[in-house]
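To start, the structure under review is shown below, and the notes come after it.
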Amino acid sequence: MTIHTVLIVDDKADVRLSLKFLFKNNGFTVLEASDLAKAHLQIQGNSIDLVLLDMNYEFDTTSGDEGLKFLKQMQGVSAPPIIAMTAWSSINLAVEAMRFGAKDFFAKPWDNHAVLMMAKKHLALADIERVSTPINRAKVQSSSSASLLWHSPAMQQLKRQIDRIAKTDATVFLRGENGTGKTCIAQYIHQQSLRSGAFVGVNVAAIPENLFESELFGHKKGAFTDAKQDREGRFTTAAAGTLFLDEIGTLTLGQQAKLLRVLESHEFERIGDNHTHIADCRILCASNADFEQLIASAEFRTDLYFRLNTIELEIPPLRERIEDITVLAEHFIALHSKKYQLNPPTLTPAALAVMQTYSWPGNIRELSHMMARAVLMTENGNIGPSDLSLKRSHNEVEQANPIPALSLMTLEEAELKLLKMAMAKCNNQVEDAALLLGISKSAIYRRLEKFNIKTK
């Protein structure tokens, strides 16, 4: 179990002590800083997962300027999530703090349970963001690969194709966009096969060219400077099983020649070893590359391509199988709720309608991460449009939320009218109205205050 480290930044010793007891009693490591200079040193010298930041200090007890300055300094650097806290809670200060990078805020005196849940929520969200980066995606299997849901006609057709060829030893080439579940499909093919060995997956794009042979074929001790001991390659590890080569389109021509030789002869040698080994594994590969273009530009060998695509299967993107969105979303809600020990929230019809008009550039992986965030962020047991954090293009916003034409009027009059229309359409739900207007949460709060519009 991961033990997270929390930094408490406050000039009041009693505040630090109370929060220290709260977090230590719940399994956290706690560090303290009595001022912002010491906070900088703590962040630079330690691995900190979350910061609780007081916004007001001895020299400026009401405006929060010192806390805002600290938040500005943290922008653009690799900083942990920051939760603002202040005894002078106001919507202006909260909006400003979040505009400059704070993830959330609470007022003193606080509710222990609420603060603890807030901290756990933002730590979990930070974990999701780390998994979402390309480097960590290569290390951590996406939860979208946890299971397959054959719901839409396109996926049912794909399953029928797979079931016909799974028990053969035919090489299968999976093509599809990033996040469509190619690794999951490859695992399913292996599970349905007659092979008793292991499923071994390797992202060839992540292998440095000088280590390619060692990674795939292995090496003998002393074969090169860093070869301190014998090493088995992936072809050996996958003996009697399945070897899945992901991102196959990234191979250089030299790497392609070495792979082609194994596929043609079923033989290979470890680096520094004259003994020939037999490759006894089924090959599955995947890519989202345009191979027709790669072949035309002489970047990919035609003979290797035809060796790899004995059976070629196209994994449809999520935007082409709208029927799957509800089933997958509910699956991920249940999965992430169980993971974070929360009651599963309900996906509202409004949220589902927005999701069905979205283009899903990240496909199932994006949907999984979106549902994880929604499970953590929802506060009323319902997932609405504002909980989805959709990043829409301008055209998508216009198509999903057409705004009626306005008569000629001043910009301020138009702004007020649009704000009232959006609030009315969203039943006074501020975050939903912000999504409808295509502006941030802090931006709509500033406009509500400007026009003195009450939200309740």
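Starting from 1, each residue takes its place in the sequence as its number.
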Does [Y] offer a backbone N or O that forms a donor-acceptor pair with the side chain of [X] under 3.5 Å?
X: R234; Y: G201; result: yes
X: S297; Y: L294; result: yes
X: W360; Y: E320; result: no
X: E32; Y: L17; result: no
X: R447; Y: E415; result: no
X: H336; Y: S368; result: yes
X: D10; Y: R16; result: no
X: D11; Y: D35; result: no
X: H219; Y: Q229; result: yes
X: E177; Y: P361; result: no

Looking only at heavy atoms, what is the nearest atom pair of [X] and [Y], with distance?
X: E66; Y: L36; answer: O-CD1, 3.3 Å
X: V51; Y: I48; answer: CG2-CG2, 4.1 Å
X: F300; Y: Q256; answer: CA-OE1, 3.4 Å
X: L22; Y: N26; answer: O-ND2, 2.7 Å
X: L158; Y: E314; answer: CD1-O, 4.2 Å
X: A166; Y: Q192; answer: CB-CB, 3.6 Å

Taking atom [atom1] of [X] as the centre, does the number of heavy atoms from other residues, nucleotides or ligands within less than 6.0 Å exceed 12?
X: F21; atom1: CZ; result: no
X: K24; atom1: NZ; result: no
X: D14; atom1: CG; result: yes

- Message: Distance alone, cut at 3.5 Å: any donor-acceptor contact between the side chains of N382 and T348?
- Response: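 T348 and N382 do not have a side-chain donor-acceptor pair below 3.5 Å.
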
- Can you tell me if E312 and N309 form a side-chain donor-acceptor pair at under 3.5 Å?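 A pair is found: one side chain offers a donor N or O, the other an acceptor, under 3.5 Å apart.
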
- Task: Please state whether the rings of F70 and H40 are parallel, tilted or perpendicular, taking 30° and 60° as the class boundaries.
- Result: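 Taking H40 first and then F70, their aromatic rings sit tilted (interplane angle of 30° to 60°).
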
- Query: Parallel under 30°, tilted from 30 to 60°, perpendicular over 60°: which one fits the rings of F106 and W110?
  - Reply: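 Rings of F106 and W110: perpendicular, as their planes differ by over 60°.
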
Is there a side-chain contact between [X] and [Y] in this structure, where contact means two heavy atoms from C-beta onward sitting under 4.5 Å apart?
X: L174; Y: T183; result: no
X: K121; Y: Y340; result: no
X: M117; Y: D111; result: no
X: R231; Y: E215; result: yes
X: I325; Y: I322; result: yes
X: K450; Y: R446; result: no
X: D49; Y: P80; result: no
X: P345; Y: V375; result: yes

Just verifying a value: how many Å separate [X] [atom1] and [Y] [atom2], rounded to the nearest 0.5 Å?
X: W150; Y: Q156; atom1: CH2; atom2: CD; answer: 10.5 Å
X: T346; Y: E330; atom1: OG1; atom2: CD; answer: 9.0 Å
X: M155; Y: I185; atom1: CE; atom2: CD1; answer: 4.5 Å
X: D324; Y: I364; atom1: CG; atom2: CD1; answer: 7.0 Å
X: L31; Y: K20; atom1: CG; atom2: NZ; answer: 9.0 Å
X: Q44; Y: N46; atom1: CD; atom2: CG; answer: 10.5 Å

- Task: Go through L52 and F23 one step at a time and tell me if the side-chain contact (heavy atoms from CB on, under 4.5 Å) criterion holds.
- Result: CA-CA 11 Å; L52 303 184; F23 281 90; 3.6 Å; yes

- Task: Go through the steps for I189 and R282 under the test side-chain contact (heavy atoms from CB on, under 4.5 Å), then give the verdict.
- Result: CA-CA 11 Å; I189 293 173; R282 183 185 192 171; 3.8 Å; yes

- Item | Chi angles and distances behind the side-chain contact (heavy atoms from CB on, under 4.5 Å) call for L318, L328 | CA-CA 10 Å; L318 188 55; L328 285 166; 3.9 Å; yes

- Query: Between M355 and L367, is a side-chain contact (heavy atoms from CB on, under 4.5 Å) present by the stated rule, with each step listed?
  - Reply: CA-CA 9 Å; M355 292 165 68; L367 176 58; 3.6 Å; yes

Acceptor/donor pairs from residues 242-252 side chains to any protein atom, 3.5 angstrom cut, sequence neighbours excluded:
unit_1	atom_1	unit_2	atom_2	d
T242	OG1	H190	ND1	2.7
T250	OG1	E247	O	2.8
T252	OG1	E209	OE2	3.1
T252	OG1	Q255	N	3.2
T252	OG1	Q255	OE1	3.4

Would you mind checking if [Y] and [X] are paired as a salt bridge, meaning a charged N to carboxylate O distance below 4.0 Å?
X: E292; Y: R175; result: yes
X: D163; Y: K159; result: yes
X: D54; Y: K12; result: no

